[in-house]
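Right, one structure below, let's go through it.
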2 protein chains.
Amino acid sequence: MPAIPDTSPCCPPLVDEALTDETAATLARGFKALGDPVRLRLLSLIASRAGDEVCVCELTDAFTLTGPTISHHLKVLREAGLIDCQRRGTWVYYWIVPARLAALSQLLDVSGATATARP
Amino acid sequence: MPAIPDTSPCCPPLVDEALTDETAATLARGFKALGDPVRLRLLSLIASRAGDEVCVCELTDAFTLTGPTISHHLKVLREAGLIDCQRRGTWVYYWIVPARLAALSQLLDVSGATATARP
DNA sequence: CGTCTAGTTTGACAACTGTCTAAACAGAGT
DNA sequence: ACTCTGTTTAGACAGTTGTCAAACTAGACG
């Protein structure tokens, strides 16, 4: 499956405007990648480095899963455009792609909504 | 599967703090529910009503899928705590649960992060 | 070159998911 | 009570997913 390109959609919040078919498909891939506890924890481990990178070996150590499984999950996150990586020497380093996380965050943002509370 | 209770976790953004195992599991259920194009469009159709409710019949009309399939997706969204519903007479009305959407949105929020841009 | 370590890819398999048809359920109105 | 409409549930089936073990690739270092 091809990775999501840099031209991924940046949408107004859900509460403001209904999604088109195509846009929904792209965004859903992002959320789908987040829809696994292991991947969510991986992303949080990477993201909480605040701009720095994390070596795969550190990530693997944080789980009781095998190396290949971690590698698989990292690939899913990468193909969803949420993280990126680079090999330097023996080790591979991962970091988050803030713009993509922001796009998904904004979509779910209801803070500016005119929605009225329900009893 | 039991629906996610009202005491669902409300977390600081990913960039600030790594997730615990248990919290990740609950949050992942929310994202998993969003990880399907049909469900994302359903949610957007409901949410863009801005506090009002939507009848299932309207939702069904917006897709080429069968009624049972739409009903299934609505159930997934409901069990993830993202929407709620009520039957009034013949029709069933759905609305979003803003607090739950906000929690997921905040988790992905990187706007206040101290992350440095990468070259 | 040979080998060691870090990571990824491949292949297999059980479990889960999205979709459908058929059946069941809930009210409204005869 | 019967029926008609709107919605959900049950069951079935193809396709997808998460996991592991085994094989492979990339670079470092003798």
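Order of the sequence lines fixes the chain letters, A, B, ..., with proteins taken first and strands second; residue numbering starts at 1 for each chain.
Summarising the geometry, atom CZ belonging to B:Arg49 is positioned 14.5 Å from atom CG belonging to A:Leu14; distances are rounded to the nearest 0.5 Å. Summarising the geometry, atom CG belonging to A:Leu77 is positioned 11.0 Å from atom SG belonging to A:Cys85; distances are rounded to the nearest 0.5 Å. Between B:Leu74 atom CG and B:Thr60 atom OG1 the span is 7.5 Å, to the nearest 0.5 Å.
Side-chain nitrogen and oxygen atoms of B:Lys32 include none within less than 4.0 Å of the OP1 or OP2 phosphate oxygen of C:dC16. In terms of phosphate contacts, A:Tyr94 brings a side-chain nitrogen or oxygen within less than 4.0 Å of OP1 or OP2 of C:dT8.
Distance, B:Phe31 CZ to D:dT17 C1': 19 Å, rounded to whole Å. Rounded to an integer number of Å, the gap from A:Arg39 CZ to D:dT16 P is 15 Å. When rounded to the nearest whole Å, the span between CD1 of B:Ile70 and P of D:dT9 equals 15 Å. Atom P of nucleotide D:dT17 and atom CG of A:Leu34 are separated by 15 Å, given to the nearest angstrom. Atom NZ of B:Lys75 is separated from atom C1' of C:dT19 by 15 Å (rounded to the nearest Å). Atom CD in B:Gln86 sits roughly 17 Å away from atom C1' in D:dT8 (whole-Å rounding). The CH2 atom of B:Trp91 sits 9 Å away from the P atom of C:dA28 (whole-angstrom rounding). Regarding A:Arg41, its CZ atom lies at a distance of 16 Å from the P atom of D:dG18, rounded to whole Å.
Remark: the backbone N or O of B:Gly67 is not paired with any side-chain donor or acceptor of B:Ser71 at under 3.5 angstrom. Using modelled atom types, one side-chain atom of A:Arg87 and one backbone atom of A:Gly89 make a donor-acceptor pair closer than 3.5 Å. Within the 3.5 Å criterion, the main-chain N or O of A:Leu65 finds no donor-acceptor partner in the side chain of A:Thr69. Judged purely by atom type and a 3.5 angstrom limit, A:Arg29 uses its side chain to pair as donor or acceptor with the backbone of A:Glu79. Checking side-chain atoms of A:Arg41 against main-chain N and O of B:Ala25 turns up no donor-acceptor pair under 3.5 Å.
Among the heavy atoms of the strands, none lies under 4.0 Å from A:Tyr93. Nucleic acid contact class of B:Phe63 (heavy atoms, under 4.0 Å, all strands): none.
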What nitrogen or oxygen pairs link the protein and nucleotides 19-24 of chain D at under 3.5 Å?
| unit_1 | atom_1 | unit_2 | atom_2 | d |
| --- | --- | --- | --- | --- |
| D:dT19 | OP2 | A:His73 | NE2 | 2.4 |
| D:dC20 | OP2 | A:Thr66 | N | 3.1 |
| D:dC20 | OP2 | A:Thr66 | OG1 | 3.2 |
| D:dC20 | OP2 | A:Thr69 | OG1 | 2.8 |

Close N or O pairs between protein and nucleotides 26-30 of chain D (under 3.5 Å):
none

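Both tests do not hold together for B:Arg78 against B:Tyr94: distance to the six-membered ring centre under 6.0 Å, angle to the ring axis within 45°.
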